[in-house]
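A short worksheet on the structure shown next.
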Amino acid sequence: MSDGPAEPVREVRGTGIPVRGNDIDTDQIIPARFMKVVTFDGLGEFAFFDQRFDEHDEQQDHPFNDERFQGANVLVVNANFGCGSSREHAPQALQRWGIDAIIGESFASIFAGNCLALGIPTVTTDEETVTELQDRIEARPDAEIAVDVENEIITVDGETITVTVDDAQRRALVEGVWDTTALMRANTDAVRDVAANLPYVEVDP
Amino acid sequence: MSSGTLYDKVWERHAVAELPTGQTQLFVGLHLIHEVTSPQAFGMLGERDLEVAYPELTHATVDHIVPTEDQSRPFVDEAAEEMMAALERNAERAGIQLADPTSGRQGIVHVIGPEEGLTQPGMTIVCGDSHTSTHGAFGALAFGIGTSQIRDVLATQCVAMEKQDVRRITVTGELEAGVEAKDVILQIIRTLGTDGGVGYVYEYGGPVVDALDMPGRMSICNMTIEGGARAGYVNPDETTVDFLAETDRFREDPDRLETLRPYWESVRSDPNASYDDVVEIDGDALEPMVTWGTTPGQGVGITEPIPDPDDLPADKRESARDAQVHMRVEPGETMEGYEIDVAFLGSCTNARLPDLRRAAAILEGRTVHPEVRALAVPGSQRVKAAAEAEGLDEIFTAAGFEWRGAGCSMCLGMNPDQLEGDEACASSSNRNFVGRQGSKDGRTVLMNPQMVAAAAVRGHVTDVRTLSEVTTV
Ligand code: SF4
């Protein structure tokens with residue numbers, strides 16, 4: 001990756017995968033034992049591992065195991081998704097599994113921030129709409145879904161649903177300015193001034 | 001919009017610029033790193049040929065993967081050894097101080113920052129760990145960040161953030177014996193919900209919080225994240241300053257404390273500060289809390305019945321039902337008598353010296369139930385040494401506890417300390433998520449350290465107030 005602006009993410013198109021339940025924490029998305037690594041490579045296969053496999057590594061019922069959802073890239077979840085540990089391993093695992101956008105009732109804030117850093121939109125709507133969408137995907141896994149980040153609209157099989165994208169997130173994705181390292185490196189002098197004005201900071205100017 | 005709060009003031013002092021995204025670029029006064037979430041960030045930095053901008057403002061330790069039994073190198077677990085080696089390499093190359101197990105200063109990152117005096121009022125503090133909220137106990141603005149943000153901080157000493165709302169939580173009254181800071185925060189989370197804090201920073205205050213020592217305030221701020229808020233803080237006062245005066249940093253340089261004091265006082269929330277929301281919690285009504293479920297919000301007082309999922313708000317019913325199946329509890333029962341296999345005394349919530357002291361007071365002259373495996377894991381090497389200096393280790397071992405080295409240990413089961421099968425654990429940690437303690441069938445019951453000690457003795461969850469030697473905090 002270069003130290004330049006990021007690619008804009010205006011729209012994500014593909015098919016959906018529903019994962020139901022409130023308060024799905026990042027320990028469930030990627031169990032801690034798979035974090036004993038120094039890179040994020042290869043995390044995709046461990047997404048939701050403990051829900052997908054029993055103690056004998058036999059597959060259990062889980063959308064991530066379901067044949068019908070294997071090519072899906074739009075995850076549809078319920079409330080407070082991604083709560084708990086701040087591990088970026090969670091969105092990294094989802095992204096490496098194939099997820100490009102997440103629609104849900106609400107997201108834990110560190111998780112949403114981590115998603116943004118990877119260019120994954122976290123789009124919100126109400127409980128009823130989410131449940132309906134999940135039912136619909138269950139019924140027709142190959143239904144095409146388009147998540148229009150710029151206009152805050154989801155289209156499913158031609159039908160449109162209004163959703164919410166947090167302002168800062170929308171701007172960052174649409175304008176391709178979600179690479180915050182590059183953005184902030186432009187203000188090096190201002191950083192030095194702020195540091196110099198803080199009585200507790202002891203650095204050589 | 002809040003105004004005149006500590007959050008507003010510290011935010012303003014650290015704001016560098018408005019970014020094209022509408023976010024604020026915020027200067028970071030203290031960056032803490034550990035072995036699990038930082039190596040990938042150093043990797044990203046390397047890919048871009050960037051250097052660490054302010055290495056003197058970053059401090060490293062190792063906590064999640066360190067074994068707590070035999071800490072000699074190389075670690076037996078190869079993956080753990082590789083992570084440790086990567087941290088050493090990165091810290092050395094960048095000129096970052098590392099508190100490793102040979103330093104005598106190693107420990108859980110949220111225990112060592114405060115005890116070294118690194119954590120101070122009016123600072124912005126970040127770490128790639130959600131429990132960074134702990135440092136808010138000193139009146140710092142402290143929050144957990146993800147790995148890409150660690151890269152940002154390494155490269156620029158800044159994070160990009162949106163300002164949050166501020167909710168003032170006042171805890172009135174006085175805590176009775178056996179009731180601790182841990183019970184206060186479990187009650188707050190139960191009242192406001194695990195997602196009640198999304199979009200908020202919590203300011204804790206009121207007579208109960210004012211009366212707490214710094215470790216107690218840290219226990220409350222620690223679990224702020226379990227309530228969905230990213231940061232929580234307590235306004236700095238004389239308790240804060242007295243604690244800091246005893247840390248290395250200020251013992252060596254007492255003048256510095258006086259130099260910084262005006263700044264610390266200036267960031268306190270104004271008496272007429274305005275908040276986006278205000279909540280009151282009745283401290284007099286609290287009893288020791290225990291969780292019956294698989295989120296920290298699923299808690300009850302020890303004499304209270306476990307709720308019937310049908311009586312809960314609609315959006316909480318299904319997870320409550322699943323949780324009760326997992327935990328094998330029935331509505332209407334209390335948690336008293338719930339059999340345990342393991343007692344875990346540790347974690348960044350409750351493994352500081354006063355926590356260990358209170359647990360030891362319960363254990364003195366008693367023994368751990370023969371069916372229970374009990375672990376005491378001090379939060380840092382210094383806590384361990386201080387506890388040993390006053391003979392606490394002997395009380396623990398005489399009672400039948402294992403006395404371990406410092407680390408995260410069974411709080412998350414990334415080292416060999418893990419639950420096995422469907423073991424039930426009385427735990428002083430902060431998360432009872434399914435699988436959290438290393439076994440996906442494991443059952444975690446969160447409670448305060450005295451309650452863990454009492455459960456270890458009786459072999460089941462029990463009301464510590466029915467034993468003598470209960471301590472008031
Ligand atoms: S003790 Fe537990 S909660 Fe605290 S930093 Fe370690 S793993 Fe995280």
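A, B, ... follow the sequence lines: proteins, then strands. Residue 1 opens every chain.
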*Given a strict heavy-atom distance threshold of 4.5 Å, which part of T24(B) is in contact with chain A: side chain, backbone, both, or neither?*
neither

_Ring centroids only, cut at 6.0 angstrom: are F250(B) and W264(B) within range, meaning strictly under it?_
yes

*asked:* Taking side chain as everything from C-beta outward and backbone as N, CA, C, O, which of these in D25(A) sits under 4.5 Å from a heavy atom of chain B? Side chain, backbone, both or neither.
replied: side chain

*Taking the six-membered ring where the residue is Trp, are the ring centres of F40(A) and H89(A) under 6.0 Å apart?*
yes

_Largest heavy-atom contact set with chain A, pairs under 4.5 Å, which of G228(B), S319(B), G29(B), A17(B)_ = G29(B)

_Under a 4.5 Å cutoff for heavy-atom pairs, which residue among P20(B), A79(B), A155(B) has the most contacts with chain A?_
P20(B)

*Tell me, for V159(B) versus chain A, whether the close heavy atoms (under 4.5 Å) come from the side chain, the backbone, both or neither.*
backbone

*asked:* With a 4.5 angstrom heavy-atom cut-off, is it the side chain or the backbone of M44(B) that approaches chain A, or both, or neither?
replied: side chain

*How close do Q298(B) and A323(B) get, heavy atom to heavy atom, and via which atoms?*
OE1-CB, 3.5 Å

*With a 4.5 angstrom heavy-atom cut-off, which part of L173(A) approaches chain B: side chain, backbone, both or neither?*
neither

*Can you tell me if N415(B) uses its side chain to pair, donor with acceptor, with the backbone of V66(B) under 3.5 Å?*
yes

*Do F81(A) and F111(A) have their ring centres less than 6.0 Å from each other?*
yes

*Name the member of Q149(B), R256(B), Q418(B) that forms the most heavy-atom pairs with chain A at distances under 4.5 Å.*
R256(B)

*Under 4.5 Å from a heavy atom of chain A, the part of A86(B) involved*: side chain

_Which one wins on heavy-atom pair count under 4.5 Å against chain B: S106(A), A90(A), G84(A)?_
G84(A)

*Does a side chain donor of either D100(A) or N73(A) reach within less than 3.5 Å of an acceptor in the other side chain?*
yes

*I would like to know whether D179(A) and R185(A) meet salt bridge (Lys or Arg N to Asp or Glu O under 4.0 Å); could you show each step before the answer?*
CA-CA 11 Å; D179(A) 183 344; R185(A) 267 171 54 78; over 6 Å; no

*Can you tell which part of F34(A) gets under 4.5 Å to a heavy atom of chain B, answering side chain, backbone, both or neither?*
neither

*With respect to chain A, which residue among L45(B), T194(B), I225(B) yields the maximal number of heavy-atom pairs within a distance under 4.5 Å?*
T194(B)

_Side-chain H-bond candidate by donor/acceptor type, D23(A) with T295(B), under 3.5 Å_ = no

_Under 4.5 Å from any heavy atom of chain B - which part of N78(A)_ = neither

*Heavy-atom proximity to chain A below 4.5 Å, by part of A15(B)*: backbone

_Under 3.5 Å: donor-acceptor pair, side chain of H56(A), backbone of E58(A)_ = no

*Against chain A, label D315(B) side chain, backbone, both or neither, depending on which of its atoms sit under 4.5 Å from a heavy atom there.*
both

*chain B heavy atoms under 4.5 Å from T39(A): which part of the residue, side chain, backbone, both or neither?*
backbone

*Which atoms of V198(B) approach chain A - backbone, side chain, both or neither, heavy atom under 4.5 Å*: side chain

*Option that, when pairs with chain B are counted at under 4.5 Å, heavy atom only, ranks first among V38(A), N114(A), T26(A)*: V38(A)

*Side-chain contact, heavy-atom cut-off 4.5 Å: S133(B) with R230(B)?*
no

*Check each atom of P199(A) against the heavy atoms of chain B and say whether the ones under 4.5 Å are side chain, backbone, both or neither.*
both

*Sort out for me which of R171(A), Q51(A), E88(A) touches chain B most, counting heavy-atom pairs under 4.5 Å.*
E88(A)

*When heavy-atom pairs shorter than 4.5 Å are enumerated against chain B, which of D167(A), N22(A), V191(A), L183(A) gives the highest number?*
V191(A)

_Selection from E35(B), Q25(B), Q120(B), H64(B) maximising heavy-atom pairs under 4.5 Å formed with chain A_ = Q25(B)

*Distance only, no hydrogens: is a donor on one side chain within 3.5 Å (strictly under) of an acceptor on the other, for E420(B) and S439(B)?*
no

*Name of the residue among I17(A), V76(A), I103(A) meeting side chain to side chain contact (heavy atoms under 4.5 Å, CB included) with Q134(A)*: V76(A)

*Report the option among D166(A), V174(A), L118(A) that has the most heavy-atom pairs separated by less than 4.5 Å from atoms of chain B.*
D166(A)

_Under a 3.5 Å threshold, yes or no: a donor from one side chain and an acceptor from the other, between D417(B) and S409(B)?_
yes

*Using a distance-only test with no angle check, is there a side-chain donor-acceptor pair under 3.5 angstrom linking E226(B) and N430(B)?*
no

*Side chain K36(A), main chain M414(B), donor-acceptor under 3.5 Å*: yes

*Non-hydrogen atoms of chain A under 4.5 Å away: do they reach the side chain of R431(B), the backbone, both or neither?*
side chain

*Against chain A, work out which of Q23(B), E162(B), Q157(B) has the most heavy-atom pairs shorter than 4.5 Å and name it.*
E162(B)

